[in-house]
Trainee: 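This is the structure, below, for whatever I ask next.
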Amino acid sequence: MSEESAERTAGRDFVRDIIQADLDAKRCAEVVTRFPPEPNGYLHIGHAKSICLNFGVAQEFGGRCHLRFDDTNPAKEEQAYIDAIQRDVRWLGYDWGNHLFHASDYFEQLYAWAERLIQDGKAYVDDTPLEQMRTMRGTLTEPGQASVYRDRPVAENLDLFRRMRAGEFPNGARVLRAKIDLASGNMNLRDPVLYRILHVAHPRTGTAWCLYPTYDFAHGQSDAIERITHSLCTLEFEDHRPLYDWFLDNLPVPARPRQYEFARLNLTYTVLSKRTLTELVRHGHVSGWDDPRMPTLAGLRRRGVPPEAVRDFVRAIGMARANSVVDVAMFDHAVREHLNKVALRRMAVLRPLKVVIENYPEGQSEELECVNNPEDASAGTRRVPFSRELYIEHDDFLENPPKKFFRLAPGREVRLRSAYFITCREVIKNAAGTVVELRCTYDPATRGGNAPDGRKVQATMHWVSARHAIAAEVRLYHPLFTRPDPGATGDVLSDLNPQSVEALSACRLEPALAQASVGVAVQFERLGYFCPDPDSESGRAVFNRTVGLRDAWARVQAAGAANR
RNA sequence: UGGGGCGUCGCCAAGCGGUAAGGCACCGGACUUUGAAUCCGGCAUCCGGAGGUUCGAAUCCUCCCGCCCCAACCA
């Protein structure tokens with residue numbers, strides 16, 4: 001493939017192809033999309049796919065994207081969610097300008113259109129009880145039955161509908177239905193409900209209404225009012241498209257939007273059902289919507305995932321119509337790829353093992369220059385204190401090292417990153433036989449990490465000066481679920497991972513980490529990316545692991561264990 | 001058994017009649033003051049299956065198989 005054609009297909013998908021064709025054929029003069037969340041929960045990584053699509057496409061084609069709250073069911077919606085959603089969309093990097101709308105902005109117009117349908121004989125008030133209406137709708141293979149109210153005179157329908165609005169009837173007493181086709185193979189066309197009575201206050205319209213339009217009756221017309229050209233939604237709404245079109249065909253709407261569907265995102269080891277996520281929060285299985293283990297944008301943000309990585313990920317998974325489950329490793333890859341380029345390097349010891357440098361003068365210390373980011377020279381350097389007593393990672397020492405272990409062991413010499421070569425001279429254990437301290441010697445000639453005589457070491461390890469280190473708790477996160485397909489064989493909650501968070505409380509960090517900003521990930525060299533959590537207090541830092549570094553040694557060990 | 005969709009490498013995903021892109025994962029190897037990053041190499045004679053049309057098919061036709069969605073006064 002030529003470079004030019006590779007360029008042309010890059011970032012292309014069926015949605016963009018459709019839009020390009022519409023533009024070329026002059027079916028529309030500009031591109032207007034919308035992201036239409038229902039404010040009944042927090043946005044998650046699956047929504048990010050839709051947000052990036054809608055806002056991304058608008059940007060690419062020089063159009064605009066509206067943020068519209070689909071707030072037609074006040075029983076489930078809250079102002080707190082409206083606020084959180086706006087915060088999260090902005091965090092992801094998108095701006096709706098002054099195009100912030102709500103389906104509730106159109107309640108009066110929608111109501112007028114409903115009366116219009118009644119007047120045209122295309123809608124009727126039905127008094128059939130909920131249960132009965134359900135059975136009368138028929139089944140997938142049998143047609144529905146007509147309600148006895150289906151042929152109510154227009155005047156009676158109008159009168160009843162107006163009295164419904166006036167609040168004369170209790171919840172559920174009556175609904176307004178479209179008169180379409182009770183025998184349709186598409187259940188959505190079997191006289192769908194347009195309005196239901198709900199004596200519930202609405203976050204925006206308060207008590208102005210006691211009947212509310214359904215999603216179907218609100219969505220397409222809202223699109224038309226806003227002159228949306230391409231209404232992009234997920235596959236499960238495909239069956240609703242004929243109804244979407246029916247309303248636009250039967251109402252004097254100002255524009256003719258078109259709906260297109262794409263496959264929603266699924267991720268291994270992850271649940272993206274709002275119902276389940278809400279349950280996790282309500283029942284305290286996580287600390288909140290922004291728990292770093294949650295796939296919500298708020299959770300990812302708290303974990304230290306940068307918005308660029310989320311956007312990169314969405315670009316990488318593509319846009320298609322086939323149901324699929326993306327390997328969460330792809331997401332981790334996008335996070336590492338971005339953080340590798342921008343994150344500052346720091347040293348932190350998670351499981352400290354004390355090291356005393358016997359030939360380093362007591363009471364002395366010095367500062368060593370360390371590179372902040374080898375991938376970015378402009379990030380500069382910093383000075384890190386070194387002294388007689390240090391901490392190294394407990395995992396970096398083995399008294400009886402196996403063949404492929406390159407790190408510290410009795411008698412072995414390794415490099416302390418940006419500092420000196422040290423050699424392990426003695427191992428000190430406690431009564432239980434646990435290694436609690438190493439006595440080492442250093443070679444003063446290797447300052448900075450290079451031996452003048454050219455001798456090599458097999459490992460370079462991170463370290464921290466005991467006297468200068470700051471104490472911290474570091475939280476390591478593991479998948480919230482134990483199965484790649486949570487809930488596949490029963491209750492989702494039974495697949496919850498009881499060890500999804502591992503808090504290490506005795507961690508020691510290099511002093512520069514005191515300046516780290518909440519939510520901004522830095523790399524703890526050789527370990528992964530971490531960022532300060534809002535739980536941090538002065539004197540007690542708390543860091544979250546955003547994602548670990550790839551770990552070839554861990555894989556060698558795993559392979560060894562598997563062969564045994 | 002009704003209606004609507006979808007099936008290309010372990011996972012995503014290009015491809016639109018001219019002889020299977022790319023990414024992730026995985027496996028080698030180089031390099032390395034992060035066992036990271038980077039770099040090089042490997043990884044679908046085959047596109048759910050079977051027929052057919054054609055000089056030529058993943059792409060067109062037929063039949064079959066499998067998976068997903070729909071029977072809320074949710075979205």
Side-chain angles (χ1 to χ4, degrees), chain A residues 1 5-6 9-10 12-13 36-38 40 70 72-73 75-76 126 128-130 133-135 137-144 171-177 183-190 192-198 211-212 214-216 218-219 233-242 261 263 268 274-275 315-334 336-337 340-341 345 347 370-371 374-375 404-407 415-419 421 448-450 457-462 484 523-528 548-556:
Chain A
M1 189 184 274
S5 62
T9 51
R12 276 276 157 198
D13 53 61
E38 183 191 10
N40 66 344
D70 226 322
T72 57
N73 187 0
K76 293 185 177 174
D126 194 345
T128 308
L130 183 58
M133 196 183 293
R134 204 197 311 273
T135 60
R137 188 156 359 246
T139 67
L140 296 181
T141 53
E142 300 157 31
N171 289 352
R174 294 185 158 88
V175 295
L176 182 71
R177 288 228 262 172
S184 175
N186 182 342
M187 303 296 293
N188 295 119
L189 264 22
R190 319 246 267 223
V193 170
L194 273 38
Y195 272 91
R196 73 285 210 190
I197 297 172
L198 267 181
L211 81 174
Y212 294 92
T214 54
Y215 162 84
D216 286 308
H219 206 90
C233 62
T234 46
L235 252 26
E236 65 269 28
F237 289 100
E238 197 158 10
D239 288 344
H240 293 246
R241 190 175 356 118
E261 312 84 17
T268 55
K274 255 198 216 176
R275 197 201 114 259
R315 200 173 303 128
I317 59 174
M319 188 62 63
R321 286 175 61 85
N323 290 316
S324 60
V325 182
V326 176
D327 190 334
V328 73
M330 268 225 233
F331 180 72
D332 291 343
H333 170 79
R336 287 193 196 101
E337 189 179 48
N340 176 52
K341 286 183 286 195
R345 270 55 171 180
M347 289 197 285
C370 296
V371 170
E375 305 287 325
K404 308 284 277 199
F405 186 82
F406 303 149
R407 283 108 95 143
R415 170 169 40 231
L416 292 184
R417 168 130 242 226
S418 304
F421 283 13
N450 280 309
V457 288
Q458 278 203 108
T460 298
M461 298 173 7
H462 58 97
Q523 185 190 100
F524 285 1
E525 293 215 37
R526 304 209 302 137
L527 298 174
L549 251 30
R550 293 183 80 224
D551 188 348
W553 169 237
R555 245 173 292 154
V556 168

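Numbered from 1 within each chain, the chains take letters A, B, ... in sequence-line order.
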Trainee: Regarding A:Met319, tell me which of base, sugar-phosphate or nothing describes its non-hydrogen contacts under 4.0 Å with the strands shown.
Mentor: sugar-phosphate
Trainee: Could you tell me how far B:G29 sits from B:G35 if I compare only their C1' atoms? Round to whole Å.
Mentor: 15 Å
Trainee: Once ring pair (Phe, Tyr, Trp, His ring centres under 6.0 Å) is applied, do any residues pair with A:His240, and if so which ones, sequence neighbours excluded?
Mentor: A:Phe237
Trainee: What pairs with A:His219 under ring pair (Phe, Tyr, Trp, His ring centres under 6.0 Å), at least two apart in sequence or on another chain?
Mentor: A:Tyr215
Trainee: Regarding A:Glu238, tell me which of base, sugar-phosphate or nothing describes its non-hydrogen contacts under 4.0 Å with the strands shown.
Mentor: sugar-phosphate
Trainee: For A:Arg321 and B:C6, is the shortest distance between a side-chain N/O and OP1 or OP2 below 4.0 Å?
Mentor: yes
Trainee: Identify the two heavy atoms, one from A:Ala322 and one from A:Ala263, that lie closest to each other, and give their separation to 0.1 Å.
Mentor: O-CB, 3.3 Å
Trainee: Across all strands, who's sitting opposite B:C63 as a Watson-Crick or G-U wobble pair, both distances under 3.5 Å?
Mentor: B:G49
Trainee: Do side-chain atoms of A:Arg321 reach the backbone of A:Leu235 as a donor and acceptor pair under 3.5 angstrom?
Mentor: no
Trainee: Within the structure shown, what part of the strands sits under 4.0 Å from A:Ala316 by heavy-atom distance: base, sugar-phosphate, or nothing?
Mentor: nothing
Trainee: Checking one value: the base orientation of B:A36, syn if chi is within 90 degrees of 0, otherwise anti.
Mentor: anti
Trainee: Does B:A13 have its OP1 or OP2 closer than 4.0 Å to a side-chain nitrogen or oxygen of A:Ser324?
Mentor: yes
Trainee: Check residues 137-144 of chain A and write down every donor-acceptor pair under 3.5 Å in which the side-chain atom is one partner and the other belongs to a residue at least two apart or another chain.
Mentor:
residue: A:Thr139; atom: OG1; partner: A:Thr141; partner atom: N; Å: 3.2
residue: A:Thr139; atom: OG1; partner: A:Thr141; partner atom: OG1; Å: 3.4
residue: A:Thr139; atom: OG1; partner: A:Glu142; partner atom: N; Å: 3.1

Trainee: By the 4.0 Å heavy-atom rule, please label A:Pro242 as base, sugar-phosphate, or nothing.
Mentor: nothing
Trainee: Below 4.0 angstrom from OP1 or OP2 of B:U34, is there any side-chain N or O of A:His462?
Mentor: no
Trainee: Report the distance from atom NZ of A:Lys341 to atom C1' of B:A36, rounded to the nearest whole Å.
Mentor: 16 Å
Trainee: Measuring only the C1' atom in each nucleotide, how far is B:C43 from B:C9? A whole number of Å is fine.
Mentor: 8 Å
Trainee: Just by protein heavy atoms under 4.0 Å, how would nucleotides 37-43 of chain B read 5' to 3' in B, S and -?
Mentor: S------
Trainee: Classify A:Val325 by what it touches in the nucleic acid, base, sugar-phosphate, or nothing, heavy-atom distance under 4.0 Å.
Mentor: sugar-phosphate
Trainee: Which residues satisfy the ring pair (Phe, Tyr, Trp, His ring centres under 6.0 Å) test with A:Phe331, sequence neighbours excluded?
Mentor: A:Phe313
Trainee: For the side chain of A:Asp13 and the backbone of A:Gly318, is there at least one donor-acceptor N/O pair under 3.5 Å apart?
Mentor: no
Trainee: Please compare A:Gln523 and A:Ile317 by the position of their nearest nucleotide in RNA chain B and report the one closer to 5'.
Mentor: A:Ile317
Trainee: In the 5'-to-3' direction, what one-character label does each nucleotide of nucleotides 67-74 of chain B receive under the scheme B = base within less than 4.0 Å of a protein heavy atom, S = sugar-phosphate only, - = no such atom?
Mentor: -SBBBSBS
Trainee: Any salt bridge between A:Lys76 and A:Glu38, counting N to O under 4.0 Å?
Mentor: no
Trainee: Figure out the CH2/C1' separation between A:Trp553 and B:U32, and round it to whole Å.
Mentor: 18 Å
Trainee: If we ignore hydrogens and angles and just use 3.5 Å, is the side chain of A:Thr234 paired with the main-chain N or O of A:Glu236 as donor and acceptor?
Mentor: no
Trainee: Tell me the partner of B:G41, counting only Watson-Crick (N1-N3 plus N6-O4 or O6-N4) or G-U wobble (N1-O2 and O6-N3) with both under 3.5 Å; none if nothing fits.
Mentor: B:C27
